[in-house]
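Below is one structure, written out as structure tokens; the observations come after it.
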Amino acid sequence: MASAVERTDDLVREYLIYRGFTSTLKHLDSEIKADKEKGFRVDKIIDQLQQLIQSFDLTGLKEYWAYLDRRLFSRLEDVYRPTVNKLRTSLYRFYLIHTVQNLEKTQEFFLKQVLELQAQPEWRDWFALPFIPAPEQNPSFSPYFSRQWADTFLVSLHNFLSVLFQSSPQPVLLSFDSEVQRIKTVQEENEELRQMLFALQGEWRQKKDEEMVHHKLAPYVQHMDRLGDTELSEKKTDSDPDAQTEALPDQTDSTNQTRVCEVGGASVEQPFIKLSQEEYAEHHSSIMHCKVDCSGRRVASLDVDGVVKVWAFNPVMQTKATIMSKSPLLSLEWAAKPDRLLLLGSGVGTVKLYDTEAKKSLYEMSIDDVHPRILSLACSPSGTSFVCAAAAQAAHSGVATEGDARVSAPVSGQLLLWDTKTVKQQLQFALEPGPVAINCTGFNHNGNLLVTGAADGMIRLFDMQRYESALSWKAHDGEVYSVEFSYDENTVFSIGEDGKFVQWNIHRCGVKQSEYSLSQDAVGPFVLSGYSGYKQVQVPRGRLFAFDSEGQHVLTCSSSGGVIYRLNKADAGLESVLSLGGHKAPVVTVDWCSAMDCGTCLTASMDGKIKLSTLLAQKP
């Protein structure tokens with residue numbers, strides 16, 4: 001926001017000069033120089049506060065904080081008032097710690113503030129500070145003299161102001177700047193893609209008379225703009241199959257080794273700091289799905305009773321809509337265009353399209369009576385179509401008692417493509433070797449590839465340009481519960497009933513790039529113990545893992561909260577870096593929304609509680 005304000009100020013100056021409004025320009029420049037908000041630059045505000053403290057200017061410090069309170073903090077809802085008061089208390093203590101070297105300034109502080117502070121219990125012990133010979137050695141005050149306390153306070157204040165500025169309503173003029181930046185970025189990406197296309201076309205003309213090695217994923221090169229060197233190198237190899245097989249793993253290992261070195265070389269051992277954790281407690285039964293929309297502004301959560309909650313968490317946690325369905329709901333998905341629409345898959349063969357802003361159902365699509373359970377939905381990021389995984393009735397449901405037996409043979413199912421505009425089925429995908437229930441689905445970033453995980457343990461990769469299966473392989477012993485593309489989209493990750501967390505190379509069918517073992521707490525089925533020996537068992541339905549914005553860390557489920565791991569090479573295993581905690585029941589689904597340096601992790605559990613943990617990424 002600060003950079004946008006600065007650029008907008010320059011544009012306004014240019015306009016005033018063009019119109020000849022020199023008097024207005026002088027007033028603008030003078031007010032900008034005296035701007036106490038420092039152009040919404042948080043670092044400048046922090047510097048101003050520290051400068052006032054270092055110069056022992058108590059009056060200036062109080063006046064500057066009063067200005068921030070009047071201009072910014074007073075606009076916040078009452079729920080944030082305790083946080084503002086805590087920051088003010090810490091600021092005054094930070095000033096006092098600095099005045100210890102000047103006893104006269106310490107006494108001046110208490111003389112001026114005695115009427116305000118004497119009634120506050122947190123300041124009762126601090127009135128003894130001027131009379132303690134060595135306060136830095138006193139157990140009551142020594143923590144405040146540490147560098148750690150000072151850094152923690154300054155980081156907390158910095159984060160609070162940053163979030164405040166980001167969440168404040170902006171004038172239309174500032175949004176113009178962001179639109180200009182977005183268009184500029186798109187133009188640069190288009191130019192890079194154009195150059196890449198020219199290079200590939202020239203390469204093709206040189207080799208068109210040579211015998212080519214036909215790889216099943218080769219047509220995707222012209223469509224996927226995130227493919228790394230792995231697939232491009234296949235087009236450069238000769239016709240020897242053995243040579244091609246040997247070249248790929250070397251490049252893949254090199255790519256991963258570089259990524260591990262980048263992470264391992266960071267000076268900070270802890271990659272994330274948990275700034276806060278809030279609880280959403282509007283559900284009264286176990287959660288099945290919990291997903292953030294494309295914009296990162298809203299969350300949709302579904303429980304086993306079929307209740308859907310649509311809620312926002314920025315700047316304050318608030319329920320926007322509640323959906324009660326007569327038929328049981330099994331799946332949900334946010335539409336990509338427009339992002340206010342929500343798809344709800346039922347257990348009676350229907351998919352409902354719901355408008356979360358208008359708070360009404362737009363229409364209901366009848367999918368399949370023979371396969372009534374809609375287990376998974378995935379919206380294409382490049383259009384209005386969505387994939388629907390429908391399955392026949394099974395002997396068990398998503399929630400059961402511990403004694404229930406699992407189905408030995410895979411359930412029959414279909415994978416269908418529908419369009420939200422025409423409200424019609426576009427096609428049915430062929431599932432080899434036979435129709436089987438698809439548990440999980442996911443598109444890559446541009447919608448050209450679709451990956452699915454099925455009840456028969458198979459992962460299938462579909463070409464969405466040709467609408468046909470490109471690859472399929474046996475991935476797990478038992479069902480595939482969750483599958484996702486990696487950050488670079490050269491691999492896919494999957495979690496299965498066998499407790500394995502596996503990374504697969506999509507350019508070499510069925511070849512594992514890495515494999516990790518997970519506990520049942522992270523994989524499921526999930527068990528919640530009750531009174532008199534009763535145990536509730538829930539089969540995994542939602543997302544079991546989620547990546548950070550750079551694909552270097554993964555969030556998984558556990559018995560008491562989410563756990564974040566660093567992705568290392570297979571021989572090094574998963575390295576736990578942060579346990580989010582906060583839950584009293586097993587976590588059954590997770591999501592990770594990343595925005596700038598602050599990311600939001602969602603963990604939902606069997607007692608209906610959803611924890612929202614705000615993280616600060618420590619960049620090396």
Side-chain angles (χ1 to χ4, degrees), residues 249 252-253 255-256 259-260 375-376 389 398 406-411 433 436-442 450-461 471-527 537-548 551-559 562-577 579 586-592 603:
T252 306
D253 291 344
T255 304
N256 282 276
R259 183 173 299 157
V260 171
L375 299 183
S376 180
R406 295 184 59 83
V407 179
S408 57
V411 180
V436 64
I438 301 294
N439 291 332
C440 46
T441 54
L450 172 73
V451 64
T452 67
D456 58 359
M458 299 281 289
I459 289 180
R460 295 170 174 84
L461 195 68
L471 296 174
S472 63
W473 64 91
K474 181 70 173 179
H476 294 276
D477 294 329
E479 300 190 27
V480 181
Y481 285 151
S482 193
V483 64
E484 301 277 349
F485 278 99
S486 64
Y487 174 73
D488 61 7
E489 297 184 354
N490 284 315
T491 61
V492 294
F493 285 84
S494 64
I495 286 181
E497 187 179 4
D498 55 5
K500 303 293 185 181
F501 181 45
V502 187
Q503 182 182 15
W504 306 92
N505 190 326
I506 66 173
H507 308 297
R508 303 180 64 203
C509 182
V511 175
K512 296 179 182 178
Q513 192 154 310
S514 58
E515 179 180 318
Y516 314 96
S517 295
L518 298 175
S519 65
Q520 183 179 346
D521 296 339
V523 177
F526 305 101
V527 180
V537 180
Q538 180 170 328
V539 176
R541 288 297 177 214
R543 195 177 187 184
L544 296 183
F545 63 94
F547 297 107
D548 68 341
Q552 296 178 351
H553 298 86
V554 62
L555 170 66
T556 67
C557 304
S558 77
S559 60
V563 179
I564 296 177
Y565 295 94
R566 178 181 286 124
L567 291 172
N568 296 321
K569 297 188 70 175
D571 53 358
L574 289 174
E575 178 187 352
S576 177
V577 297
S579 178
V587 170
V588 295
T589 183
V590 299
D591 202 358
W592 195 334
T603 53

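Predicted, not measured: the structure shown is a model, and the values here were computed from it. Every heavy atom of this structure was used, including side-chain atoms; hydrogens, water molecules and symmetry mates were not.
- Here the shortest heavy-atom pairing between Leu518 and Val523 reads CB-CG2, 3.8 Å.
- Looking at Glu497 and Asp477, their side chains never come closer than 4.5 Å, going by heavy atoms from C-beta outward.
- Between Ala454 and Val436, the shortest heavy-atom contact is CB-CG1, 4.0 Å.
- Remark: Thr589 engages no residue in a side chain to side chain donor-acceptor pair (under 3.5 Å) (not counting sequence neighbours).
- Nearest heavy-atom pair, Trp504 versus Ser494, reported as atom, atom and distance to 0.1 Å: NE1-OG, 3.0 Å.
- Remark: Tyr565 pairs with no residue by the ring pair (Phe, Tyr, Trp, His ring centres under 6.0 Å) rule, at least two apart or across chains.
- Put simply, the side chain of Gln513 does not reach to within 4.5 Å of the side chain of Arg508, judged on heavy atoms.
- Side-chain atoms of His476 and Val502, non-hydrogen and from C-beta on, do get closer than 4.5 Å to each other.
- Taking the side chain as every heavy atom from C-beta outward, Gln538 and Pro525 never approach each other to under 4.5 Å.
- The shortest non-hydrogen separation linking Leu567 to Leu574 is CD2-CD2, 3.8 Å.
- Residue Thr603 holds its OG1 atom at 7.5 Å from CG of Leu555, rounded to the nearest 0.5 Å.
- Proximity of Phe501 to Ser517: side-chain heavy atoms (C-beta onward) are nowhere separated by under 4.5 Å.
- Arg541 has its side chain within reach of Asn439: a pair of non-hydrogen atoms, C-beta onward, lies under 4.5 Å apart.
- The one candidate from Phe493, Trp592, Tyr487, Phe485 that meets the ring-ring contact (aromatic ring centres under 6.0 Å, His included) condition with Phe547 is Phe493.
- Pairing each heavy atom of Phe526 with each of Val587, the nearest pair is CE2-O, 3.5 Å.
- Taken to the nearest 0.5 Å, the CD1 atom of Ile438 stands 9.5 Å off from the CG atom of Leu375.
- Between Val480 and Met458, the closest side-chain pair of non-hydrogen atoms is not below 4.5 Å.
- Note that CD1 of Ile459 and NZ of Lys474 are 10.5 Å apart. Values are rounded to the nearest 0.5 Å.
- Summarising the geometry, atom CD belonging to Glu515 is positioned 11.5 Å from atom CD belonging to Gln503; distances are rounded to the nearest 0.5 Å.
- Asn505 contributes no side-chain N or O that, together with a main-chain N or O of Cys509, makes up a donor-acceptor pair within less than 3.5 Å.
- If you take CZ on Arg543 and SG on Cys557, they are separated by 11.0 Å, rounding to the nearest 0.5 Å.
- Contact of the Val492 side chain with the Ser486 side chain is not registered, since no non-hydrogen atoms from C-beta on lie closer than 4.5 Å.
- For the atom pair CD of Glu479 and CD1 of Ile495, the computed distance is 14.0 Å after rounding to the nearest 0.5 Å.
- Closest approach of Glu489 and Ile506 over heavy atoms only: O-CD1, 3.3 Å.
- Side-chain atoms of Ser376 and Thr441 form a donor-acceptor pair, as typed in the model, at a separation below 3.5 Å.
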### Derivation and outcome, side chain to side chain contact (heavy atoms under 4.5 Å, CB included), residues Tyr481 and Cys440
CA-CA 7 Å; Tyr481 285 151; Cys440 46; over 6 Å; no
